[in-house]
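Since the model is a prediction, treat every value here as computed from it, not as a measurement.
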Amino acid sequence: QVQLVESGGGLVHTGGSLRLSCVASGRTFSNYAMGWFRQAPGEEREFLAAFSSVGEITYYADSAKGRFTISRDNAKNTVFLQMNDLEPEDTAVYYCAADGDSTIAISLEEYDFWGQGTQVTVSS
């Protein structure tokens, strides 16, 4: 089992920035591919970004490219999502997830463990 706890969400104005953190516990963090997703009210959960377990490979959804950056610190068992130039359309609950089977994963179904989410609200 891997436990994931997100933090760093909040209320920001359009154009603002937030840095989300996700701390993992329970297993060897470096063995897991990590990802960030979000879910807006009435919408399906959406993939945003992924960081590989090996080789520091990253992958972004089109909605995240150029504005969001995923990073990880294996010494601190933490994955981050830096979000810049936020827009009201970015309002959602943001989740981190861990996948123990793949080097990198971009689909919701591949991930084995999920955090509880952190709310991000962007006001216009």
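- Listed by first and then second residue, the salt bridge (Lys or Arg N to Asp or Glu O under 4.0 Å) pairs involving residues 67-82 are Arg67-Asp90 (not counting sequence neighbours).
- Two residues are said to be in side-chain contact when any heavy atoms from C-beta on lie closer than 4.5 Å; Ser63 and Arg38 meet this criterion.
- Here the closest non-hydrogen pair linking Pro88 and Ser123 is CG-C, 4.5 Å.
- In the hydrophobic clustering of ILVMFWY residues, with side-chain heavy atoms under 4.5 Å counting as a link, Ile70 and Tyr111 come out apart.
- Residues Val2 and Ala24 approach most closely at CG1-CB, 4.2 Å, considering heavy atoms.
- When all heavy atoms of Ala50 and Ala105 are compared, the pair lying nearest together is CB-O, 3.2 Å.
- Of the possible donor and acceptor atoms, none in the side chain of Thr78 sits under 3.5 Å from a partner among the backbone N and O of Val23.
- A disulfide bond (SG atoms under 2.5 Å apart) check over residues 2-39, counting only residues at least two apart or in different chains, returns the pairs Cys22-Cys96.
- Within the structure, disulfide bond (SG atoms under 2.5 Å apart) contacts touching residues 53-85 (residues at least two apart or in different chains) do not occur.
- With rounding to the nearest 0.5 angstrom, the OH atom of Tyr32 is 15.5 Å from the OG atom of Ser52.
- For the atom pair Asn31 CG and Thr103 OG1, the distance stands at 11.0 Å (nearest 0.5 Å).
- Pairs engaging residues 39-72 under the ring pair (Phe, Tyr, Trp, His ring centres under 6.0 Å) rule: Phe37-Phe47 [sequence neighbours left out].
- Looking at every heavy atom in both residues, Ala33 comes nearest to Ser102 through CB-O, 3.5 Å.
- In this structure the side chain of Val120 reaches within 4.5 angstrom of the side chain of Met83, judged on heavy atoms.
- Across all non-hydrogen atoms, the minimal contact from Leu81 to Leu48 is CD2-CD1, 4.2 Å.
- Residues Ile57 and Ile106 fall within the same hydrophobic cluster, defined by Ile, Leu, Val, Met, Phe, Trp and Tyr side chains chained together at heavy-atom separations under 4.5 Å.
- One finds the OG atom of Ser25 at 10.5 Å from the CD atom of Gln1 (value rounded to the nearest 0.5 Å).
- Considering only heavy atoms from C-beta on, Ser17 stays 4.5 Å or farther from Val12 through its side chain.
- The ring pair (Phe, Tyr, Trp, His ring centres under 6.0 Å) pairs that include a residue from residues 76-104 number zero, where partners must be two or more places apart or lie in different chains.
- Rounding to the nearest 0.5 Å gives a distance of 11.5 Å between CG of Asn77 and CD of Gln3.
- Nearest heavy atoms, Ile104 versus Glu110: O-OE2, 4.3 Å.
- Checked by atom type and distance alone, the side chain of Thr28 never pairs as donor or acceptor with a backbone atom of Ser30 at under 3.5 Å.
- Here the side chains of Thr91 and Gln119 are in contact, with some heavy-atom distance below 4.5 Å.
- Taking 4.5 Å as the limit, some side-chain heavy atom of Arg45 sits within range of a side-chain heavy atom of Trp114.
- Considering CG of Asp99 and CG of Leu108, their distance stands at 11.0 Å, rounded to 0.5 Å.
- Using a 4.5 Å cut-off on side-chain heavy atoms (C-beta onward), Asp101 and Asp112 make contact.
- Sequence neighbours left out, not one pair with a member in residues 1-22 passes salt bridge (Lys or Arg N to Asp or Glu O under 4.0 Å).
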